[in-house]
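What follows is a set of notes on a single structure, which appears directly below.
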2 protein chains.
Amino acid sequence: MAKERDDTIASRISRVLADRIIRGELAPDARLRQDHIAEEFGTSHVPVREAFRRLEAQGLAINLPRRGVRVASFDLKEVREVAEMRAALEGLALKHAAPHLTSAILDEAEQATRDGDAAADVYAWEEANRRFHRLILAPCGMARLLAAIDDLHAASARFLFSAWQSGWEKRTDHDHRAILAALRQGKAEEAAAILQKHVQWIGRAPVRTPSGSTREAFAIVG
Amino acid sequence: MAKERDDTIASRISRVLADRIIRGELAPDARLRQDHIAEEFGTSHVPVREAFRRLEAQGLAINLPRRGVRVASFDLKEVREVAEMRAALEGLALKHAAPHLTSAILDEAEQATRDGDAAADVYAWEEANRRFHRLILAPCGMARLLAAIDDLHAASARFLFSAWQSGWEKRTDHDHRAILAALRQGKAEEAAAILQKHVQWIGRAPVRTPSGSTREAFAIVG
DNA sequence: GACTGAAAAATTATCTATAATTTGAAAAGG
DNA sequence: CCTTTTCAAATTATAGATAATTTTTCAGTC
């Protein structure tokens, strides 16, 4: 039986909570009450507190000592910030990954692009998009860089799900195809340049506010 | 009385341990035993475990479930990785900070450069160097970006202290002065380009190994 | 003498209990 | 009626206790 011993309760809790925050099930500024969560997971609050420290480090929650932990809020400024950080770091990663890319990997990445184009909802699209980026970047073999990029993708996904609560429309991702074409021709610098533009593309979507009116929401769509 | 209520025991412990790891008082792979540390700080091990999660996120420690926490080890590859990440992120930060830089800030940064040149040991140099970088980058106002850069500076400092255990020699930092000159002339792109080269400069130093022989160590010197 | 394996010691992960602080609601006053 | 004060309930932060696991020790064997 696959004993899940590489997994502490704390890490499991932090993964589940991160997922809820990203999907918007836990709204910005919502309080995370440690013994409520402990009760839900059937544990004491000690591992819950450890999970909180992890979420804090990922930028998904903020801790106000003695006043509790809240889901981090965000604004357009932070969306832009994450987009620019992704551009800088993914560009770097791609330059290092390019020499190690095989046509098998590029084929997989093309499949991820097709999956994204065919995605019926925003969740499926995000999964395929993230898969594409990971496939072409992972061969850089830079663990710290990839971990930083993963955290930025989590933030990106949160912005995206917050903006596109509903009404996802299919579209063909020309950027991904241009990146793959450049990589197949060995033009790493060109591919990196397209990627950097690509991840800075910020889309707009109308969102219904709790009060019933609509406002515009912004998210990274690459 | 300055009540230190914004400070949990966990955050204090994580700061002290981070400092020890950075200064090399805790060697790579050294075990961090939770109740030994708890006893030292006169606390229970609960806040110690929370501090561990923070150190993990900063890349200063690694956790092997049920087997304890160890000081993260590192190699030349990671030194290069951190240098490249710093180049990418500090370049980005400087482009955004440039429009907000005042001559007062640049004067302070010049003082930091002089302090670095005059530093008698590697610890004083590192402090002045970090101060220089923070001064010219902080006005970008991008909290997440600055936090990421801070963590990279912590890693850089660790590499540096590990390589230059002794034998620091004073030198004049021409890069810092060139960056300031470019910024004073409003040439932000040029300043960013120099900065990006600057932080990728990896120095070499002979280090005595525990066995008595010498090997070369590498560190970021910018 | 090196290797194996069982028992002991140390250590981690978690739970239960307690003290301290904050939040929220009800009562008192302007 | 709104503001302030007071007090109870909820919540956080930490301590102390316990179970489970790993590491170390040390004797026995090849």
Side-chain angles (χ1 to χ4, degrees), chain A residues 1-18 20-21 25-73 210, chain B residues 1-18 20-21 25-73 210:
Chain A
M1 211 192 315
K3 288 192 215 167
E4 3 117 40
R5 271 245 254 29
D6 282 1
D7 234 39
T8 64
I9 295 180
S11 75
R12 192 163 56 83
I13 295 175
S14 103
R15 273 201 308 279
V16 172
L17 291 182
R20 286 184 196 165
I21 294 170
E25 291 165 27
L26 289 168
D29 288 321
R31 280 186 74 168
L32 299 174
R33 290 190 184 81
Q34 60 187 26
D35 22 6
H36 294 202
I37 294 166
E39 192 177 19
E40 179 194 338
F41 284 88
T43 70
S44 83
H45 61 247
V46 177
V48 175
R49 292 178 60 80
E50 291 184 36
F52 284 172
R53 299 291 92 80
R54 178 89 208 290
L55 296 173
E56 251 186 287
Q58 285 179 110
L60 294 175
I62 54 167
N63 182 31
L64 303 114
R66 291 261 163 213
R67 315 190 119 205
V69 175
R70 284 172 183 273
V71 176
S73 62
Chain B
M1 208 195 318
K3 287 193 214 168
E4 3 118 40
R5 271 245 253 31
D6 283 1
D7 233 40
T8 64
I9 294 181
S11 75
R12 193 163 56 83
I13 294 175
S14 104
R15 273 201 308 278
V16 172
L17 291 181
R20 286 185 196 165
I21 295 171
E25 291 164 27
L26 289 167
D29 288 321
R31 279 187 74 170
L32 299 174
R33 291 189 185 81
Q34 60 187 26
D35 15 3
H36 294 202
I37 294 166
E39 193 177 18
E40 180 195 337
F41 285 87
T43 70
S44 84
H45 60 248
V46 177
V48 176
R49 291 179 61 81
E50 291 184 35
F52 285 172
R53 298 292 91 82
R54 177 92 209 287
L55 295 172
E56 252 186 285
Q58 285 178 110
L60 294 176
I62 54 167
N63 181 33
L64 303 115
R66 290 259 161 216
R67 317 192 118 204
V69 174
R70 285 172 183 273
V71 176
S73 62

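Numbers restart at 1 for each chain; the letters A, B, ... are given by sequence-line order, proteins then strands. What you see is a predicted model; the values in this text were computed from it and never measured.
Atom P of nucleotide dT14(D) and atom CZ of Phe41(B) are separated by 13 Å, given to the nearest angstrom. Atom CD in Gln34(A) sits roughly 5 Å away from atom C1' in dT12(D) (whole-Å rounding). The separation between Arg53(B) atom CZ and dT14(C) atom C1' is 13 Å, rounded to whole Å. The nearest whole Å value for the distance from the CZ atom in Arg66(B) to the P atom in dT12(C) is 11 Å. The CG atom of Asn63(B) sits 10 Å away from the P atom of dT14(C) (whole-angstrom rounding). Remark: P of dT21(C) and CD1 of Ile9(B) are 12 Å apart, rounded to the nearest angstrom. For the pair Glu56(B) CD and dT12(C) P, the computed distance is 13 Å after rounding to whole Å. Taking atom CD of residue Glu39(B) and atom C1' of nucleotide dA10(C), one finds them 14 Å apart after rounding to whole Å.
Considering only side-chain atoms of Val46(A), the nucleotide from dG16(D), dT21(D), dT14(C) that sits closest is dT14(C). Closest approach to the Arg33(A) side chain among dT14(D), dT22(C), dT11(D) is made by dT11(D) (side chain taken as heavy atoms from C-beta onward). Checking dT14(D), dT12(D), dT21(D) against every side-chain atom of Asp35(A), the shortest atom distance belongs to dT12(D).
At least one side-chain heavy atom of Ile13(A) sits less than 4.5 Å from a side-chain heavy atom of Thr43(A). Using a 4.5 Å cut-off on side-chain heavy atoms (C-beta onward), Phe41(A) and Ile9(A) make no contact. The side-chain heavy atoms of Asp7(A) and Arg15(A), taken from C-beta on, include a pair separated by under 4.5 Å.
Heavy atoms of Arg31(B) sit under 4.0 angstrom from primed sugar atoms or phosphate atoms, though from no base atom. Residue His36(B) is in sugar-phosphate contact alone, with no base atom involved, counting any heavy-atom pair closer than 4.0 Å across all strands shown.
Side-chain atoms of His45(B) and base atoms of dT11(C) include no donor and acceptor less than 3.5 Å apart.
At the phosphate of dT11(D), neither OP1 nor OP2 sits under 4.0 Å from any side-chain N or O atom of Arg67(A).
Residues Leu32(B) and Thr43(A) both approach DNA chain C. Their nearest nucleotides, taken by heavy-atom distance, put Leu32(B) toward the 5′ side.
Glu25(B) CD: more than 12 foreign heavy atoms inside a 6.0 Å radius.
Looking at Glu50(B) and Arg53(B), no side-chain N of the basic residue comes within less than 4.0 Å of a carboxylate O on the acidic one, giving no salt bridge.
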